[in-house]
Peer 1: 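The structure under discussion is supplied below as structure tokens; questions concerning it will follow.
Here is the naming used below: chain letters follow the sequence lines, and residue numbers restart at 1 for every chain.
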Amino acid sequence: MAQMNMIQALNSAMDIALGRDPSVVLLGEDIGYFGGVFRVTDGLQRKYGQHRVLDTPIAEGGIIGAAIGMGVNGLRPVAEIQFADYIYPAYDQIVSELARLRYRSAGAYSAPVTIRTPCGGGIRGGQTHSQSPEAIFAHVCGIKLVMPSNPYDAKGLLIAAIEDDDPVLFLEPKRLYNGPFDGDPAKPAVPWSTHPKGEVPEGHYTVPIGKAEIVRPGNDITIVSYGTMVHVAQAAAASLGLDAEVIDVRSFVPLDVDTLVASVKKTGRCLIAHEATRFGGFGAELLATIQERCFWELEAPIERVCGFDTPYPHAFEWEYFPGQARVATALARVMEVR
Amino acid sequence: MAQMNMIQALNSAMDIALGRDPSVVLLGEDIGYFGGVFRVTDGLQRKYGQHRVLDTPIAEGGIIGAAIGMGVNGLRPVAEIQFADYIYPAYDQIVSELARLRYRSAGAYSAPVTIRTPCGGGIRGGQTHSQSPEAIFAHVCGIKLVMPSNPYDAKGLLIAAIEDDDPVLFLEPKRLYNGPFDGDPAKPAVPWSTHPKGEVPEGHYTVPIGKAEIVRPGNDITIVSYGTMVHVAQAAAASLGLDAEVIDVRSFVPLDVDTLVASVKKTGRCLIAHEATRFGGFGAELLATIQERCFWELEAPIERVCGFDTPYPHAFEWEYFPGQARVATALARVMEVR
Amino acid sequence: MPRPSRLHVPRVPARPGEAPDFSYVSLSPAGAVARPDVNAAPADIENLSVELIRVLDDEHVAVGPWNPHLDVDVLQVALRHMVLTRVFDDRMLRTQRQGKISFYMKSTGEEAVAIAAAMALRPSDMLFPAYRQQGLQFVRGARLVDLMCQLLSNTRDMCKGRQLPVMYHSVPGRIFSISGNLATQFPQAVGWAMAAAIKGEDSVAATWIGEGSSAEADFHHALLFASVYKAPVILNVVNNQWAISTFQGYAGGEQRSFAARGPGYGMPGLRVDGNDFLAVYAATEWAAERARKGAGGSLIELVTYRASAHSTSDDPSRYRPKEDAERWPLGDPVERLKGHLIRLGEWSEEQHAALVGELDAQVVAAWQEATTYGTLTDGPRLDRDLMFEDVFKELPPHLVEQREALRRERS
Amino acid sequence: MPRPSRLHVPRVPARPGEAPDFSYVSLSPAGAVARPDVNAAPADIENLSVELIRVLDDEHVAVGPWNPHLDVDVLQVALRHMVLTRVFDDRMLRTQRQGKISFYMKSTGEEAVAIAAAMALRPSDMLFPAYRQQGLQFVRGARLVDLMCQLLSNTRDMCKGRQLPVMYHSVPGRIFSISGNLATQFPQAVGWAMAAAIKGEDSVAATWIGEGSSAEADFHHALLFASVYKAPVILNVVNNQWAISTFQGYAGGEQRSFAARGPGYGMPGLRVDGNDFLAVYAATEWAAERARKGAGGSLIELVTYRASAHSTSDDPSRYRPKEDAERWPLGDPVERLKGHLIRLGEWSEEQHAALVGELDAQVVAAWQEATTYGTLTDGPRLDRDLMFEDVFKELPPHLVEQREALRRERS
Ligand SMILES: Cc1ncc(C[n+]2csc(CCOP(=O)(O)OP(=O)(O)O)c2C)c(N)n1
Ligand SMILES: Cc1ncc(C[n+]2csc(CCOP(=O)(O)OP(=O)(O)O)c2C)c(N)n1
Ligand SMILES: [Mg+2]
Ligand SMILES: [Mg+2]
């Protein structure tokens, strides 16, 4: 076991994948010689060469188009989109092509492409470096979709994604790259070495895609969350002294419905928290799924705490961010209902 | 008043807009000389000339990019995307640019672009001529989003959209172009002239964006739907002899929450029906919104009847389509709960 | 008083009711264009994107440096493929008109484009077609019945009922799955070629796009990535003058040839008579050899004419003169290859008629067999459970649930 | 044994620790390139995309047919703008290092690109910049304080706190809102120009893109639409050799100049010394006149060098030699214009030092004022209700509700 932050864990996952399987290649903007703007691919081109770790033109659509062709020709491409906010130029290649190739060709062709991209706010990135686009991919059939909330899961899920024969979109909550973040920007930064999930095996292991994790068992209420908000939610529940069951969704597609439903059936209450804008966000699907299955057990309406339905504004980052106070207020409200 | 099908109603809306306001221009693939592959713009280039009704290259991203620039320079562009399935190459220009321009420039710049595009299945179009992408636009802040279910609304909403200073994405359920469709492909086609909403004023009028319509008042259950499914839902309810309140959402953004909530508070039951795939679909937002506000009045879980989470398959069109039987079964199930 | 518009709008040479006008097509005499070394620097061979590479002259004689000097039996095989394509297209159009299939797209008048290219390539080369290169399937040995079952979405449909007619593929034939979304195959072909290079193989990828579709972003991405990594790829633009109702001038063809985009990205661009089997063959051979030698990709514009409707949903008499196809200056590719073989003394009108009859009978027989596996409306049907498969490699829980729900609904 | 890769990977001339190497930059002597008529056919002036348009020679003398023959006072104004840009950039970098602003991007070494173009255009022409053309703001009369308030996201921020620093705009200056999404402005500028033409106006749109960003789809769409409709637009590619850590060879610059994309689409492409104020001015003037005459758009490649880091988040010593900037063969644009004025006897080192001092004092004074309106961390703050405005023209009910919720939370 080693201490790793999320950047190191992701780097280690790719290092292992490149080392084990000669068909794994990486491609993306600034990922090669430079090692990526967040340094997630640092050192990999030096180790595996320019023909397996490719710097690319700044053309997200071209990157994914080319990655699909590479995947069809027997490679396992891992493409980086520099920020999730810049994935839209590749939207057509992802949803019309990558996600549908196996289906439309009845399994004759498929492309095991993994797309990694940093998402989420909290780094003063303004409206074009802070987005959380999971919902617009979750609705698309044919692509798996995951987001880790800690280094251990990051490495295990990324190896699983690369080894998966289906395409996987892998969202990296960049606010967590260097340490867990409980939503309070005034507090000094905490490194991953202070967190149990900062203990990461050096070798190969996988975290299965499609399984949520109960990060804190509890009985009062179920908090369903993912990415950065997992940590915020835990802190908010703790601040109220609640015995909350906190679930890290981890995998949007496939979604681990059973874990969610079992928890809400037990607690009878549920709060959903995410950073993405509320309207039409993934929280709506979570809420709908739980309502459909736990209607009779619910003691209070399920609530959502989300980003406001505006772009992520540079000057109002911490008013926008659904921080501890907002989560705690909602938790208290849901708990109040008798 | 005149008898119009939806194609004629849309054509009339654009004719009126072009006639009243010299800044209105149309652009799109095959829309000019030819009048569009569905003939929605038939005759308009002849009437208003090649400089106001522009044939364009086949480049959806370029069309919307250019339309934004035109809008900034004082025009009111109405862009057609030939099929909603082909809107993805324009996704970046729509979500990163069109929807955010006013916000990011604090109102200094904006572009009143209307984007029209035929959506939905039921025409044997297979997976690339049948999609219903409303959810992936509803989640985006800064663009209004509407879908009419009849000629009267089509014309009034389209005029409202063109006159709106915000960008509007206007989805046209193509299965309804020529007549209402209750979901039974075996029945002979019915023309709009048999339907009260086929009566359309010849002149200028608007249907406000942001208002749902109760197309059939009732007390047993609220059916929330839009587009083609409005007609299917009505037929399904009738087949069961239910006194259902059927609501046509019409406007996704802004959403008329009050109408939905008032209805469900009254009926205590709710079924949501749409053609788009279920997972992360707009039905999830509808369900979530209603659950949050009507929790105490709900007598049964809200259910969703939607497209399956697969691409729209050519050979299984009518198994895929959420037809009357599927809606009726769900209605019966919701009604059964005591 | 508003000021008059100053916008330029591309000129469309002739509309219904007007006389066909092909004065805009710049031609070179057959044999006139030099054939450079396959390793030539792009900057030194820009003329290839302006002139028109042609081999067959008006007398059906093969002339000039691009003559590939093919054996007679190769030419006869080529003619057979071209006639089969045409016969197949004609029959399938009829089945659509009879309501047996939902949709069809013919390639009439542009058969040489696909057939010559496929014959000039190796079987190990990978093909990424658009929807109008059905000729590739015939060259790569597809069974007629298999293609028809796809058109019928029946129990033997290679696509398991999921795609519109004509959206074929072939794994043994190394033909990629056709997409309904225009142009997307272009950068995919480049990625495939990059992978071939990374793996140290000398296979080439070839891909086709309509001139109208070349307006899409994917076209640019393909050219750019091909140029940056010198990918072994052949990027074919099929300029058949029309994109549904839209004249090629609206795709940029008014100002410059499509071939000229190649040099803009530092890649050779070849403008080729697309109705001249020998010219297409020779140009493809040149580009493939260049690619295999590691000198990178090429862009080939095939100048041709879409003689039929865009698809069975289209009626071209609404937007272009009826007599256009006959007056197309580059003639008909089948007639020209046939004329060449006759001129060589290796073919006759009688043989030709017999060939048409033979192939037509094959098509009819295959159709009879294909329909026994079901049609959209009659006969055996695909298992509806298939609707849920191949979304993912394995069925995730939510699709199992949805499959069960449908089973219950239908039981 | 796996076969060795055959993929081509663009060569990067020099990495940290290696000697700078600019042998790849092909130069023309100042004055060597002919200046064609503004109505020249694109095919006749393709040489402009290969050669390098230069006016200022090594002795700082303006020579040749592209010399715009500007009055001395115009040159002095230009120098003032360029020095101001540099002084402003340097000061703002420092404020970022002190934690007063969250982010900054300098234009050091490429000031001529924006300033010469803006001066050559009319005030009625519309500008669609990328993020590194701050010079446009100075030419179009922006107040320093206003720019600084944007950088500070403070109570007078023109963007109301919504955008990252440097994402300015100006309505009176006719400068479009800068996007964080690369390249999107390119087709928008073309659409603006199309609208100008439709309205019968003779205004021109000019837009800028980095050479790295030219890989995006929007670049292609812009060239294509500009070509098809002959839109009165000037499409500028600022080739400053680097896109963050990525060398321009990865954007296609290894095989061909960026200017050469123009002719590929049937549009003139001009390759211009971007560090030569007079050359940039002259090329812009030529393209603007061409556009105003209705002859359509032009593509201009400005060959320059990004002398500073990409942004305050970047450290170029990780990926290129430290001495690169000094060894850049086209020199420094400020030094060159200054040298020209001195050579003309219209400027001196003393005057220059005084100008730098004067402008620096202006910048410092403006900064003092700007910070009184608040900074990201101190002083007055924007009303947080503003977060909900301008998503739509009017606040829809769900945003009213969210605004109220935030008010309650913060009360
Ligand atoms: C992305 C996308 N946009 C639009 C369409 C609709 N469409 C189908 S074919 C076609 C015309 C294509 O013309 P061209 O590329 O010239 O090919 P051709 O039909 O002439 O072979 C159009 C606009 C589509 N299928 N995909
Ligand atoms: C669509 C998109 N992709 C990626 C980025 C991240 N990014 C910001 S600047 C930059 C480099 C741009 O280089 P270039 O276009 O050469 O402009 P320069 O910085 O040299 O002026 C990148 C990759 C982005 N902002 N938008
Ligand atoms: Mg065509
Ligand atoms: Mg650059």
Side-chain angles (χ1 to χ4, degrees), chain A residues 60-61 85-96 99-100 103-104 126-128 131 133-142 252-253 255 272 276-296 298 300-304 307-311 313 337, chain B residues 60-61 85-96 99-100 103-104 126-128 131 133-142 252-253 255 272 276-296 298 300-304 307-311 313 337:
Chain A
E60 293 76 10
D85 316 61
Y86 305 139
I87 201 167
Y88 308 125
Y91 199 66
D92 188 46
Q93 282 285 349
I94 297 173
V95 309
S96 303
R100 285 158 178 266
Y103 193 77
R104 78 171 195 237
Q127 58 132 356
T128 57
Q131 296 170 34
E134 62 275 5
I136 62 155
F137 290 98
H139 185 47
V140 168
C141 316
F252 306 99
V253 181
L255 181 65
I272 294 161
T277 55
R278 172 189 182 96
F279 195 79
F282 193 73
E285 179 59 42
L286 290 169
L287 192 155
T289 297
I290 294 168
Q291 187 269 182
E292 285 158 353
R293 288 165 172 82
C294 306
F295 184 80
W296 302 107
L298 281 173
I302 310 171
E303 284 211 27
R304 290 179 283 172
F308 296 122
D309 288 312
T310 77
V337 177
Chain B
E60 293 76 13
D85 316 62
Y86 305 140
I87 201 167
Y88 308 125
Y91 200 66
D92 188 46
Q93 282 285 348
I94 297 173
V95 310
S96 304
R100 285 160 179 265
Y103 193 78
R104 79 172 195 234
Q127 57 131 354
T128 58
Q131 296 171 33
E134 62 276 3
I136 61 156
F137 291 99
H139 185 47
V140 169
C141 316
F252 305 98
V253 182
L255 182 65
I272 294 161
T277 54
R278 173 190 182 96
F279 195 80
F282 192 72
E285 179 58 42
L286 290 168
L287 192 156
T289 297
I290 294 169
Q291 187 270 179
E292 284 157 353
R293 287 166 173 83
C294 306
F295 183 79
W296 301 107
L298 281 174
I302 310 172
E303 284 212 26
R304 291 180 282 172
F308 295 121
D309 288 312
T310 77
V337 178

Peer 1: Step by step, work out the side chain to side chain contact (heavy atoms under 4.5 Å, CB included) result for B/Phe295 and A/Val337.
Peer 2: CA-CA 12 Å; B/Phe295 183 79; A/Val337 177; 5.9 Å; no
Peer 1: What are the two closest non-hydrogen atoms of B/Gln291 and A/Leu298, and how far apart are they?
Peer 2: OE1-CD1, 4.2 Å
Peer 1: Check whether the side chains of B/Gln127 and A/Arg100 place a donor and an acceptor atom closer than 3.5 Å, and report yes or no.
Peer 2: yes
Peer 1: For the residue pair A/Cys141 and B/Thr277, what are the closest heavy atoms and their distance?
Peer 2: SG-CG2, 3.6 Å
Peer 1: Tell me, for B/Phe252 versus chain A, whether the close heavy atoms (under 4.5 Å) come from the side chain, the backbone, both or neither.
Peer 2: backbone
Peer 1: Go through the atoms of B/Ala300 and report whether side chain, backbone, both or neither lie under 4.5 Å from a heavy atom of chain A.
Peer 2: backbone
Peer 1: So what's closer than 4.5 Å to chain A heavy atoms on B/Phe279: side chain, backbone, both or neither?
Peer 2: both
Peer 1: Quick one: what part of B/Val140 sits under 4.5 Å from any heavy atom of chain A, side chain, backbone, both or neither?
Peer 2: neither
Peer 1: So which part of B/Gln93 gets closer than 4.5 Å to some heavy atom of chain A, the side chain, the backbone, both or neither?
Peer 2: neither
Peer 1: Could you tell me the separation between the OG1 atom of A/Thr128 and the CZ atom of B/Arg104, rounded to the nearest 0.5 Å?
Peer 2: 9.0 Å
Peer 1: Given the options B/Pro311, B/Pro89, B/Pro313, which has more heavy-atom pairs under 4.5 Å with chain A than any of the others?
Peer 2: B/Pro311
Peer 1: Against chain A, label B/Tyr88 side chain, backbone, both or neither, depending on which of its atoms sit under 4.5 Å from a heavy atom there.
Peer 2: both
Peer 1: Give, as side chain, backbone, both or neither, the part of B/Leu286 having an atom under 4.5 angstrom from any heavy atom of chain A.
Peer 2: neither
Peer 1: In terms of heavy-atom pairs under 4.5 Å with chain A, which of B/Ile136, B/Ile290, B/Val253 leads?
Peer 2: B/Ile136
Peer 1: With chain A, which of B/Phe308, B/Phe282, B/Trp296, B/Tyr86 has the greatest number of heavy-atom pairs at distances under 4.5 Å?
Peer 2: B/Trp296
Peer 1: Check whether A/Glu60 gets within reach of chain B through its side chain, its backbone, both or neither, counting any heavy atom under 4.5 Å.
Peer 2: neither
Peer 1: What pairs with A/Arg304 under side chain to side chain contact (heavy atoms under 4.5 Å, CB included), at least two apart in sequence or on another chain?
Peer 2: A/Ile272, A/Arg278, A/Ala284, A/Leu287, A/Cys306, B/Glu285, B/Ala288, B/Thr289, B/Glu292
